[in-house]
Amino acid sequence: MVEPDRALDGRVALVTGGTSGIGRETALALADRGASVAIVGRDRKRGRAVARELEARGGGAEFYAAGLASQATVRRLADEFRGRHDRLDVLVHNAGLALDRRSETADGVEETLAVNHLAPFLLTRRLADLLVESAPARVVVVSSGLHERAAIRFDDLQLERGYDGLAAYSRSKLANVLFAYELAERLRGTGVTANAVDPGFVPSTALSRGASLRGRLALRLFSLLPLPFTRSVEEGARPVIRAASDPTLEGVTGKYFTDDGPTQSSPETYDERTRKRLWDVSAGLVGVSPELPVEPGARR
Ligand SMILES: NC(=O)c1ccc[n+]([C@@H]2O[C@H](COP(=O)([O-])OP(=O)(O)OC[C@H]3O[C@@H](n4cnc5c(N)ncnc54)[C@H](OP(=O)(O)O)[C@@H]3O)[C@@H](O)[C@H]2O)c1
């Protein structure tokens with residue numbers, strides 16, 4: 001039997017947003033389980049520091065400096081990764097942000113949607129065949145319980161009318177769950193699983209850096225008080241690490257995990273038409289065909 005603590009020996013993991021918070025914690029835990037870990041983020045100083053921490057765990061460690069708001073950068077990141085690796089066993093889409101004010105990326109897309117949803121969509125697409133060739137492999141999408149507050153409005157997906165930062169963030173986290181479920185369907189039979197995870201409320205991370213001063217202060221206060229509904233970074237990362245590496249979850253796909261294990265997500269996430277439509281719209285926004293470029297012959 002595989003010992004759970006070295007379940008990832010010889011495996012390669014890619015963790016976006018591994019430069020801080022839940023992503024850093026996840027990256028370190030995957031390295032502890034034997035994986036060679038690559039992290040992605042914008043902050044070079046923090047990225048290099050985490051890479052050193054990963055190296056100290058004895059496995060391979062890489063830092064890719066990449067801003068995921070840019071589709072060209074996501075494509076370059078995938079190409080660079082493919083140039084260095086011939087396998088990918090665990091892909092954790094953890095990078096995320098929340099913005100108080102509406103902004104658009106160089107591609108003309110609302111930024112929260114671009115970073116939190118479209119970057120995972122495009123990166124997965126560019127690495128899908130590598131995942132299939134490495135199967136059994138896992139894709140983990142870090143969502144949030146806030147997805148339950150959101151609805152996908154296809155007539156204003158990018159919140160051009162009456163932008164609200166929390167609404168934009170919650171909608172992007174709903175898109176994460178819809179994406180994970182649809183990806184699980186499209187990869188069925190390949191040995192690659194896709195699941196979404198809610199880390200819970202972790203006020204001590206840097207997620208609120210784009211929020212108003214009032215919002216940042218409130219979160220700072222939450223992080224200092226021993227409140228029953230707040231979680232430490234270690235606790236928040238736990239279900240992410242589990243979804244990415246627990247050997248007992250081999251083959252489990254299309255689920256939404258909290259710290260209590262597989263949990264129901266919001267009713268809208270089970271709406272197949274919404275899932276498929278979002279997939280098609282996302283493909284259009286990143287300029288690719290909706291088909292996953294996975295060779296049927298490579299499927300296991
Ligand atoms: N904290 C919570 O309460 C909570 C609750 C539910 C879900 N989540 C989710 O958990 C995930 C991790 O968040 P966290 O709380 O750990 O926050 P965090 O400490 O701010 O970490 C976010 C990570 O994403 C990266 N990132 C942000 N924007 C990026 C961009 N444009 N390009 C590349 N990387 C980018 C950041 O790296 P750089 O700064 O180096 O770019 C950082 O490593 C997010 O998806 C978030 O939605 C958090």
Side-chain angles (χ1 to χ4, degrees), residues 14-28 37-51 63-74 76-77 92-99 103-107 109-120 122-123 140-150 165-166 168-177 179-180 196-211 215-216 218-220 222-223 227 229-241 243-244 256-259 265:
L14 178 59
V15 181
T16 68
T19 53
S20 76
I22 293 162
R24 171 182 165 273
E25 199 64 32
T26 300
L28 294 175
V37 183
I39 57 163
V40 182
R42 292 162 302 178
D43 189 312
R44 289 171 191 270
K45 198 168 160 211
R46 276 193 280 118
R48 283 196 285 263
V50 177
F63 166 57
Y64 292 84
L68 299 172
S70 155
Q71 294 174 14
T73 304
V74 175
R76 264 202 305 277
L77 165 67
V92 183
H93 293 299
N94 161 82
L97 49 72
L99 297 171
S103 66
E104 287 192 0
T105 65
D107 303 302
V109 179
E110 189 280 310
E111 192 170 349
T112 321
L113 189 75
V115 174
N116 296 6
H117 168 62
L118 292 178
L122 183 55
L123 189 58
V140 177
V141 189
V142 181
S143 176
S144 162
L146 283 173
H147 84 270
E148 293 185 24
R149 296 172 54 125
L166 187 59
Y169 176 76
S170 307
R171 179 231 33 210
S172 74
K173 295 287 122 180
L174 172 57
N176 287 158
V177 184
F179 166 63
V197 180
D198 168 25
F201 181 35
V202 187
S204 59
T205 69
L207 190 64
S208 63
R209 69 187 103 170
R216 291 203 304 276
L219 284 170
R220 178 89 186 115
F222 278 139
S223 71
L227 299 167
F229 54 87
T230 62
R231 298 162 62 83
S232 65
V233 176
E234 293 77 11
E235 288 168 331
R238 204 161 51 199
V240 183
I241 296 162
Y256 175 73
F257 286 91
T258 66
D259 212 20
S265 48

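Remember, it's 1-based here, ligands and their atoms both numbered in the order they're listed. Source: prediction; values computed, not measured.
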So is [X] close enough to ligand 1, meaning a heavy atom under 4.0 angstrom away?
X	value
Ser143	yes
Ser172	no
Gly200	yes
Glu25	no

Nearest-neighbour protein heavy atom for [atom], which is reported as residue plus atom name and distance:
atom	value
atom 25 (C) of ligand 1	Gly17 CA, 3.6 Å
atom 3 (O) of ligand 1	Val202 N, 2.7 Å
atom 31 (N) of ligand 1	Val115 CG2, 3.6 Å
atom 39 (O) of ligand 1	Arg209 NH1, 2.9 Å
atom 22 (C) of ligand 1	Gly96 O, 3.7 Å
atom 13 (O) of ligand 1	Leu207 CD1, 4.0 Å
atom 45 (O) of ligand 1	Asn94 O, 2.7 Å
atom 43 (O) of ligand 1	Thr19 OG1, 2.7 Å

Can you see which heavy atom on [X] is nearest to which on [Y], and at what distance?
X	Y	value
Ala244	Val92	CB-CG2, 4.2 Å
Leu146	Tyr169	CD1-CE2, 3.6 Å
Gly41	Thr19	CA-CG2, 3.9 Å
Val40	Phe63	C-CE1, 4.4 Å
Phe257	Ala243	CD1-CB, 4.3 Å

* From the options Ala119, Ala95, Ala98, Pro203, select the one whose nearest heavy atom is closest to atom 34 (N) of ligand 1. => Ala95

Closer than 4.0 Å to some heavy atom of [X] - which atoms of ligand 1 meet that?
X	value
Val142	9 (C), 10 (O), 11 (C), 45 (O)
Gly21	16 (O), 19 (O)
Ile22	10 (O), 15 (O), 16 (O), 48 (C)
Gly67	32 (N)
Phe201	3 (O)
Ser20	18 (P), 19 (O), 21 (O), 42 (C), 43 (O)
Pro199	6 (C), 7 (C), 8 (N)
Asp43	38 (P), 40 (O)

Any sub-3.5 Å donor-acceptor pair from [X]'s side-chain atoms to [Y]'s backbone N or O?
X	Y	answer
Asn116	Ser172	no
Thr16	Ala95	yes
Arg231	Pro199	yes
Ser143	Lys173	yes
Asn94	Val15	no

* Structure fact -> Counting heavy atoms under 4.0 Å, the part of Ala66 that contacts ligand 1 is backbone

* Which is it for Arg24 and ligand 1 at heavy atoms under 4.0 Å: side chain, backbone, both or neither? ->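 Looking at Arg24 and ligand 1, no heavy atom falls under 4.0 Å.
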
* Asked: Just how far is it from atom CZ of Arg42 to atom OG1 of Thr73, taken to the nearest 0.5 Å?
  ->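 These two atoms lie 11.5 Å from each other.
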
* Output the distance between atom CG (Leu14) and atom CG (Leu123), rounded to the nearest 0.5 Å. => 6.0 Å

What do you reckon, does [X] have a nitrogen or oxygen under 3.5 Å from a nitrogen or oxygen of ligand 1?
X	value
Ser144	no
Asp198	no
Leu97	no

* Asked: Quick check: are there more than 12 heavy atoms from other residues, nucleotides or ligands sitting under 6.0 Å from CZ of Arg46?
  ->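 Atom CZ in Arg46 is crowded, with more than 12 foreign heavy atoms closer than 6.0 Å.
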
* Should Arg171 and Leu113 count as side-chain neighbours, where that means a heavy-atom distance under 4.5 Å? ->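 A side-chain contact exists here, since the closest heavy-atom pair is under 4.5 Å.
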
* Asked: Do Glu235 and Asp259 have side-chain heavy atoms sitting under 4.5 Å apart?
  -> no

